[in-house]
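Because the structure is predicted, anything quoted here is derived from the model rather than measured. All ligand and atom numbering here is 1-based and tracks the order in the structure.
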Amino acid sequence: MTILVADNIASVGLEALEEAGHHVVDDASLNGDALVEALGREQPNILIVRSTKVTPEALDASPALSLIVRAGAGYDTIDVEGASARGIYVANCPGKNSVAVAELTIGLIVSIDRRIPDNVADARDGKWNKKTYAKAEGLKGQTIGVVGLGNIGEEVVRRAQAFDLDVVAWSRSLTPERAEDMGIGYCESAVDVARSASIVTLHVASTPETKHLADRSFFEALPKGSIFINTTRAAVVDEDALKWALEERGLRAGLDVFHGEPAVKQGSFESELAGHPNVYITHHIGASTQQAQDATALEAARVANTFSVTGDVPNCVNLASQSPATHQITVRHLDEVGVLARVLDEMSKADWNIQEMENEIFSGAKAAVATMRFNGDATDDVAERIEQQEKVLAVSVIEL
Ligand SMILES: NC(=O)c1ccc[n+]([C@@H]2O[C@H](COP(=O)([O-])OP(=O)(O)OC[C@H]3O[C@@H](n4cnc5c(N)ncnc54)[C@H](O)[C@@H]3O)[C@@H](O)[C@H]2O)c1
Ligand SMILES: O=C(O)[C@H](O)COP(=O)(O)O
């Protein structure tokens, strides 16, 4: 298969793709129009990206494109709805960079408490200021609130507990029982977390439902002088509310992601937040350890290689969890040319829309059973007409 890699992925991943015999086109500079142009020129079957945006124009550029692999966790940078409408699979690499992000989260918390970046900047400027920097609070015994207990959230909990922090959390599927098992406090909402903690860190995925989850009411609930960490996505935070909390509530923030974050890998940028004395911005490097990059690149290669051999897509994020099928028809038939085509023809005439289908062959390859789930008005006469067809052995229809 032809695979276009439009971002920097670790060499172990590229090697795994090449060893599998693929034609790999590796160009980490691709973005925007250049990506669309490369997709049109190379006609890849598979596209592998990190944070590079995959737009509707990119989806239309290569009719051969069957799979997009996000070599990372968050796939909000890909037009997943557009891919689904065009029958293109989208997969990600869950859990492969979660330790790296959790390590950065803890690093930002310690940095804020001890003002490590300002210490270092002043020392580099030849300024000695123990008077100011000796005023840290210390973390032990404080309460950290984790919003979203997915792969990263769970890694943060483990590390926070090792720092003797008390942990409370909210996650959409967290139950009080599960919280107890993890040795953490259960919260009923993100605002409840904010109310209960002096350090809060966000780890929910960016979706329409989580947009501005950290809004004005969230920041109002946080105690004055709290520490706030965002390593997930800018869209989860209402930045006006964040700025209000920085000014009015003495909030201290560590942000690996923020509005207006540059899409390019290197260059200058302007951000009101970056210059704020209460804010430490990192360069969206949560996933950027060699350990995480190797694991992610190998997983991206595994997804691509599995697809090329079996047609299956590990970690697929855009298949319907449940098809809208209303009925299932089971057709036992002789394994001969044309039998299934005639069955499908009859179903088509009855306006039965097939959503899922499978055909299993019995040993000896004399007979087979086809199971199809469909949407339609399942009248008995259609099933009877199919059963009367040559080489059909038996038919049954059930309502789902
Ligand atoms: N800064 C970085 O470099 C970096 C690296 C990796 C991931 N991330 C971001 O962190 C996010 C989390 O990563 P992860 O590996 O923990 O993913 P994950 O899929 O394991 O966890 C996602 C969490 O989001 C929650 N969630 C999803 N949809 C939700 C909804 N509609 N309402 C409420 N909660 C919802 C899930 O319940 C889960 O707790 C990613 O989606 C990505 O945006 C950033
Ligand atoms: O969702 C992710 O995995 C992170 O945002 C990592 O992004 P990156 O691959 O561009 O570093």
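Each of the atoms 6 (C), 7 (C), 15 (O) of ligand 1 lies under 4.0 Å from some heavy atom of Ala73. Under a 4.0 Å criterion applied to the non-hydrogen atoms of Gly148, ligand 1 contributes the atoms 39 (O). For ligand 2, the atoms sitting less than 4.0 Å from at least one non-hydrogen atom of Ser51 are 7 (O), 8 (P), 10 (O), numbered in the order shown with element in parentheses. Short contacts between ligand 1 and Val204, defined as distances under 4.0 Å to a heavy atom of the residue, involve ligand atoms 23 (C), 24 (O), 34 (N). Close approach to Leu149 involves these atoms of ligand 1, each under 4.0 Å from a residue heavy atom: 39 (O).
Looking at Glu37 and Arg41, a side-chain N of the basic residue comes within less than 4.0 Å of a carboxylate O on the acidic one, giving a salt bridge. Salt bridge status for Asp335 with Lys366: absent, with no side-chain N to carboxylate O gap under 4.0 Å. With respect to the salt-bridge test (charged N to carboxylate O, under 4.0 angstrom), the residues Asp192 and Arg195 qualify. Taking 4.0 Å as the cut-off between side-chain N and carboxylate O, Glu247 and Lys243 do not count as a salt-bridged pair.
Heavy atoms of other residues, nucleotides or ligands lying less than 6.0 angstrom from CZ of Arg114 number 12 at most. The number of heavy-atom neighbours closer than 6.0 Å to CG of Asn353, taken from other residues, nucleotides and ligands shown, is above 12. For Tyr75, the OH atom is loosely surrounded, since the number of other residues' heavy atoms within 6.0 Å does not exceed 12.
Looking only at atom types and distance, the side chain of Asp345 has no donor-acceptor partner in the side chain of Ser348 under 3.5 Å away. Donor-acceptor pairing under 3.5 Å is recorded for the side chains of Thr207 and Glu209. Looking at Asn305 and Glu19, their side chains never bring a donor and an acceptor atom within 3.5 Å of each other. Side chains of His212 and Glu239: a donor-acceptor N/O pair is absent below 3.5 angstrom, by distance only. Checked by atom type, the side-chain pair Asn151/His203 shows no donor-acceptor distance below 3.5 Å.
Of the inter-residue distances, the one linking Arg373 atom CZ with His327 atom NE2 reads 12.0 Å to the nearest 0.5 angstrom.
When Arg70, Lys265, Lys53 are each tested for a salt bridge (Lys or Arg N to Asp or Glu O under 4.0 Å) with Asp7, only one passes: Lys265. The only option from Val303, Ile3, Leu14 that meets the side-chain contact (heavy atoms from CB on, under 4.5 Å) definition with Ile48 turns out to be Ile3.
Contacts with ligand 2 closer than 4.0 Å are made by side-chain heavy atoms of Arg233 only, the backbone lying farther away. Using a 4.0 Å cut-off between heavy atoms, Thr210 contacts ligand 1 through its side chain alone, with no backbone atom that close. Neither the backbone nor the side chain of Thr296 comes within 4.0 Å of ligand 2, counting heavy atoms alone. When heavy-atom distances to ligand 1 are checked against a 4.0 Å cut-off, Asp76 has no atom that comes that close, whether in backbone or side chain.
Closest to atom 5 (O) of ligand 2 among all protein heavy atoms lies His284 NE2, 2.7 Å. For atom 12 (C) of ligand 1, the closest non-hydrogen atom on the protein side is His203 O, 3.5 Å. Of all protein heavy atoms, the one lying nearest to atom 11 (O) of ligand 2 is Arg50 NH2, 2.8 Å. For atom 6 (C) of ligand 1, the closest heavy atom belonging to the protein is Asn97 OD1, 3.3 Å. Ranking the protein heavy atoms by distance from atom 44 (C) of ligand 1 puts Thr231 O, 3.1 Å first. Closest to atom 11 (C) of ligand 1 among all protein heavy atoms lies Thr232 OG1, 3.5 Å. Shortest contact from atom 19 (O) of ligand 1 to any protein heavy atom: Asn151 ND2, 4.7 Å.
In terms of polar-atom proximity, defined here as any N/O pair under 3.5 Å, Ile152 does make such a contact with ligand 1. Among the atoms of Ala287, none of the N or O lies under 3.5 angstrom from an N or O of ligand 2. Distances between N or O atoms of Gly72 and those of ligand 2 include no value under 3.5 Å. Close N/O approach between Trp170 and ligand 1 is not found [any backbone or side-chain N/O within under 3.5 Å]. In terms of N/O distances under 3.5 Å, ligand 1 is approached by Asp256. Considering backbone and side-chain N/O atoms, Val101 never comes within less than 3.5 Å of an N/O atom of ligand 1. Below 3.5 Å of separation, one finds an N or O of Ala287 facing an N or O of ligand 1.
Distance screen at 4.0 Å: atom 16 (O) of ligand 1 has a protein heavy-atom neighbour inside the cut-off. Remark: atom 21 (O) of ligand 1 lies closer than 4.0 Å to at least one protein heavy atom.
Of all the listed residues (Ala205, Ala292, Gly95, Ala234), Ala205 holds the heavy atom that lies closest to atom 24 (O) of ligand 1. Nearest residue to atom 8 (N) of ligand 1 from His283, His284, Arg233 is Arg233 (criterion: closest heavy atom). With Glu209, Lys96, Arg172 as candidates, the residue nearest to atom 28 (N) of ligand 1 on a non-hydrogen basis is Arg172.
Ring pair Phe219/Phe228 is perpendicular by interplanar angle, where above 60° counts as perpendicular and below 30° as parallel.
Ligand 1 lies less than 4.0 angstrom from a heavy atom belonging to Ser171.
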